[in-house]
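What follows is a single structure, written as structure tokens, with notes after it.
Remember, it's a predicted structure, so these values are computed and weren't measured experimentally. When reading the values below, keep in mind they use all heavy atoms of this one structure, side chains included, and skip hydrogens, waters and symmetry mates.
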Amino acid sequence: MAEAADIQGTGPSPARRWLRRTITIAVGAPLLAGLLQAPAATSPASAAEEATGSKTVDVSLDTLAPSAPVEGDTVTVTGTVTNRSKKTVTDATVDLRVGPRMTSRSEIEQVTGRTGYRRDSDPDPVEDAPTVAIPRLGAGLSADFSLSVPVSELGLDEAGVYQLGVSLTGQTSDQRYDRVLGIERTFVPYQPEAAEKKTQLTYLWPLISSAHVSAETATDDQQTPVFEDDALATELKPGGRLDQLVSLGKDLPVTWVLDPDLLASVDSMANGYRVKDGALHVPGKNQAVAERWLNELEKAVQGRKVVALPFADPDLASLAHRGKDVPGSLGHLQSATALARGTVETILHVQPSTDFAWPADGAVDPSIVAVATSAGADKVIARSDSVRDDLSYTPTAARPLGSGSTTAVVSDALLSTAFEGDMVRAEKSTLAVQEFLAQSLAITLEQPEKRRSIVVAPQRVPTVSQAQAMATALHGLSARRWSEPVDLLAAAAAKPDPDASTAVPGSSRYPKKLRDRELPVQAFRDMKTTRDELNDFKVVLTLPYRVVTPFGNAINREMSTSWRGQARSAAIYRSNVLDYLQTLTKGVQLVDKSDLTLSGRSATIPVTVQNQLLQDVHLVLRLTSANKNRLKLDGGDRLAELPVKINGGHSQSVKFPVSANVNGQVAMTAQLYTDDGTPYGQPMTFNVKVSEITATVMLVIAGGVLLLVLAGVRMYSQRKRLAARIAEAEEAEPDMEPEEARTEPETETRPTDAAGEEPEQPSDPTPDTGPESADPSGTGEKVDR
């Protein structure tokens, strides 16, 4: 209990501290004398021991409030000390150390990079400031501390950035003398009065996510979208990443940077959506979540500046380095840019700016700038570690780039990367916030007589903890003592610094780590394949927009910057899009046909086309004969073609008249074509066996006909003679009935076959074509769109 009381207290009185220090000096004097006798041999070891000893205890700073104190404030620092060694720490004290005023941004960077205690650069503890005593701290154990001190006791003489250190001084069980066992450093930005020339600071607030919507849609009239998964709902739910960005951003002076695809995806969710579940599509369950998020976002952006990136946030660097030589790739960027404005206006009811291009990490080279501006953007958001200024101060962000037709808005690299990494731990977040505030004040103090405009472009997809740290830092600037917020459009219009660099860095300076994460050339080839097949498919449709829109958006998503570092996931997404398109195109196809036999000089050959889509299609069907001398297609000798229109979910037989000349087998090929003559689908081949009626057969038939005619003539002659005899007999014996008259007349004889049955009369052969089928497809057929 006594230990706890010491930790929570304010520390020993000044008299007790003076007594303890005197005793320490007395005990350590013999040791110091021994060290001074052999400085050459022991100084390096002593330095190494000091470096090791100063990392014995880890000092964590969890909070520092206020983050930017002024006169009259009391600074409170809380945190934790943890014994990382295997030795017990005893007689320890946690105290504050305030260094002299820092004069440059580079000095702040140097302090940030230090870890262990350095006697030559770290200041002494603040005199008469409160301390926290920790009598005993076992190996691996931790203890919390809290220190509060009035600003007046920190020795802050004038406006500037000051180093603030929190250290633990004590002993270990194997070394019984006081030394610094652990230290952590941060910064106190001190600007008690408002600066005369405040820095204009622009902070971008990105709302960007990865691709979640597939190319598939339901078969209803609304074309309900099908999502790859329901992960987007997790980001939209209360406490989720996107929810936090909206909740935090609505109270901050930021410029919203939006991916229109994210808005379109959430809007689709709000109006009803489906989610892939294996081979099934199940109804989405987060419609209300999406609707709530959109409503909150619409309220947050009203009256604020909004920048819309091209639809799906295409990777400009990948396109410039890997895709621009693949035909048609730049067209995707143009269509994505054209789609951006309308999407934002329709969903959020605000007019966005579409003049800005934002390459990954703000890294540019000549090819990236050329591609970025090819779709209409005339402003490129770069970063100062790419467009470097060899100046002793930080210049205004905006400046002409290259030839001058493009404006570069160069964000500050240190401020833009301040909140990258893990911000979950309170210590990481606190240190990042204090360094951000310190750097921003240092910028103002570089040239206090000159107003400059600074832009901060943070990571594209900040985590929840990163967004919270960013918001904390911006709240720290809310007093506007050395900076004032402006939007990105105003920053781009600011008067450039004449000494700022306007040169576009060469391609050799583009970072290798960024180039390695770009989309490969094959990705753009895959997009071209999908685009080409889509162009061939849409011309046969009566409602092409039902296919062009979802697949066009999916191709845009294939170019997204969010695929960086996710090569496998990106390849799977592209493959799924193409596979589904090919499934649809195969829904219109020729039905396999068995071989045919033709008996006769003329007939019709039916070819059946099946349409498994839910909309009508129109094509041209061409039938080709491999031997026109044996089997000729009417109207074209060797080939004939007919237009065909098939209703959705139906099949249709198209009949081609043919004429045969010579017996034998003929190979036939049926092929569908679009109206512009492009082959559609795979050709179908079948054989036709021609059995023509020969001359010998015709002679036999003619002879048979002649015999029938002669038989008829003979019968006619016999009947005529018989009638004459009967007439003579009647004249000779008028009263006597002749015998012939009493007999029955002969019946008409008819030719019979061997079985005694009459043969069938010759007639035209029955055609071998079936009637046109207008019935719907069976229930077992797969019907897509």
Thr255 side chain vs Leu488 backbone, donor-acceptor pair below 3.5 Å: yes
Item to complete: State, yes or no, whether a side-chain contact exists between Val257 and Leu309 at a heavy-atom distance under 4.5 Å.
Response: yes
| message | Counting C-beta onward and ignoring hydrogens, is there a side-chain heavy-atom pair between Thr608 and Lys593 closer than 4.5 Å? | response | no
Practice item. Report yes or no: does Asp313 contribute a side-chain atom to a donor-acceptor pair with the main-chain N or O of Ser560 at less than 3.5 Å? Key: no
Going by heavy atoms in the side chains, are Ser268 and Val213 under 4.5 Å from each other? no
Has Asp361 got a side-chain atom pairing as donor or acceptor with Ala363's backbone, closer than 3.5 angstrom? no
Nearest heavy-atom contact between Ser594 and Phe686 is O-CB, 4.3 Å
Between Asn535 and Val539, the two heavy atoms sitting closest are O-CG1, 3.5 Å
So Leu613 and Leu541, side chain to side chain contact (heavy atoms under 4.5 Å, CB included) or not? Walk me through it. CA-CA 10 Å; Leu613 305 178; Leu541 305 175; 3.8 Å; yes
Here the gap from Leu207 atom CG to Trp293 atom CH2, rounded to the nearest 0.5 Å, amounts to 5.0 Å
Show, in sequence, the C-alpha distance, side-chain angles and deciding distance for Ile646 and His618, and conclude whether the side chain to side chain contact (heavy atoms under 4.5 Å, CB included) test is met. CA-CA 7 Å; Ile646 312 107; His618 52 87; over 6 Å; no
* With a 4.5 Å limit on heavy-atom distance, are the side chains of Gln671 and Pro679 in contact? -> yes
I want to check something: taking the side chain as every heavy atom from C-beta on, are Leu633 and Leu623 in contact at a cut-off of under 4.5 Å?
yes
Note to self: What I'd like to find out is whether the side chain of Ile208 reaches to under 4.5 Å of the side chain of Asp261, using heavy atoms alone.
What the structure shows: no
query: Would you say the side-chain atoms of Gln610 pair up with the backbone N or O of Gln589, donor to acceptor, closer than 3.5 Å?
result: no
Original post:
Do Thr549 and Phe551 pass the side chain to side chain contact (heavy atoms under 4.5 Å, CB included) test, and can you show the C-alpha distance, the side-chain angles, and the key distance before you say yes or no?
Top reply: CA-CA 6 Å; Thr549 299; Phe551 277 99; over 6 Å; no
Electrostatic pair Glu235-Arg241, nearest N-O below 4.0 angstrom: yes
Would you kindly say whether Gln522 and Asp526 are connected by a side-chain donor-acceptor distance under 3.5 Å? yes
>> Working note: Val547 + Tyr545, criterion side chain to side chain contact (heavy atoms under 4.5 Å, CB included); need CA distance, chi angles, decisive distance, verdict.
In response: CA-CA 5 Å; Val547 171; Tyr545 67 88; over 6 Å; no
Do NZ/NE/NH1/NH2 and the carboxylate oxygens of Asp595 and Lys689 come within less than 4.0 Å?
no
Here the pair of heavy atoms bringing Thr674 nearest to Asp536 is CG2-O, 3.8 Å
Taken to the nearest 0.5 Å, the spacing of Leu319 CG from Ile368 CD1 works out to 10.0 Å
* Would you say the side chain of Arg274 lies within less than 4.5 Å of the side chain of Thr224, judging by non-hydrogen atoms? -> yes
Rounding to 0.5 Å, atoms OG (Ser367) and CZ (Arg322) come to a distance of 11.0 Å
- Item | Arg630 side chain vs Ala660 backbone, donor-acceptor pair below 3.5 Å | no
Counting only heavy atoms not in Gln682, do more than 12 fall under 6.0 Å of its CD?
no
Correct closest heavy-atom pair for Asp221 and Arg546 would be O-NH1, 3.5 Å
CG of Leu316 to NE2 of His321, rounded to nearest 0.5 Å, is 10.5 Å
(Q) Treating Asn295 as the side-chain partner and Glu291 as the backbone partner, does any N or O pair qualify as donor plus acceptor under 3.5 Å? (A) yes
A quick test of your reading: do over 12 heavy atoms of other residues, nucleotides or ligands sit less than 6.0 Å from CD of Gln302? yes
Rounding to 0.5 Å, atoms CG (Asn286) and CG (Leu236) come to a distance of 8.0 Å
Is the shortest side-chain N to carboxylate O distance from Glu216 to Lys276 below 4.0 Å? yes
Could you go through the ring-ring contact (aromatic ring centres under 6.0 Å, His included) check for Tyr673 and Tyr680 one step at a time?
CA-CA 5 Å; Tyr673 288 85; Tyr680 183 93; 10.0 Å; no
Review point. Do Asp315 and Arg564 meet the salt-bridge criterion of a basic N to acidic O distance under 4.0 Å?
Key: yes
Determine yes or no for a side-chain-to-main-chain donor-acceptor pair under 3.5 angstrom, with Asp616 supplying the side chain and Gly648 the backbone.
-> yes
message: Using a strict threshold of under 4.0 Å (side-chain N to carboxylate O), is an ion pair present between Arg292 and Asp243?
response: yes
For Pro310 and Pro260 the tightest heavy-atom approach is O-CD, 4.0 Å
Original post:
Does Asp355 reach the main-chain N or O of Lys379 with its side chain, forming a donor-acceptor pair under 3.5 Å?
Top reply: no
query = Is the backbone of Ala377 close enough, under 3.5 Å, to the side chain of Thr373 for a donor and an acceptor to pair up by distance?
reply = no
* Thr337 side chain to Leu333 main-chain N or O, any donor-acceptor pair under 3.5 Å? -> yes
The residue among Val591, Leu621, Val644 that forms side chain to side chain contact (heavy atoms under 4.5 Å, CB included) with Val607 is Leu621
Give me the ring orientation class for Trp563 and Tyr573: parallel if the planes are under 30° apart, tilted from 30 to 60°, perpendicular past 60°. tilted
Practice task
Would you kindly check if the NZ (Lys) or CZ (Arg) of Arg460 is within the cone defined by 45 degrees around the ring axis of Trp358 and under 6.0 Å from the six-membered ring centre?
Solution key: yes
How far apart are the C-alpha atoms of Arg557 and His212, what are their side-chain angles, what is the distance that settles it, and do they pass the side-chain hydrogen bond (donor to acceptor under 3.5 Å, both in side chains) test?
CA-CA 9 Å; Arg557 294 183 185 108; His212 294 281; over 6 Å; no
| message | Would you say that Ser214 contacts Val577 through its side chain, given a criterion of any heavy-atom pair below 4.5 Å between the two side chains? | response | no
To the nearest 0.5 Å, atom OG of Ser659 lies from atom CG of Leu631 at 7.0 Å
Tightest non-hydrogen contact, residues Gln334 and Ser374, listed as NE2-O, 4.0 Å
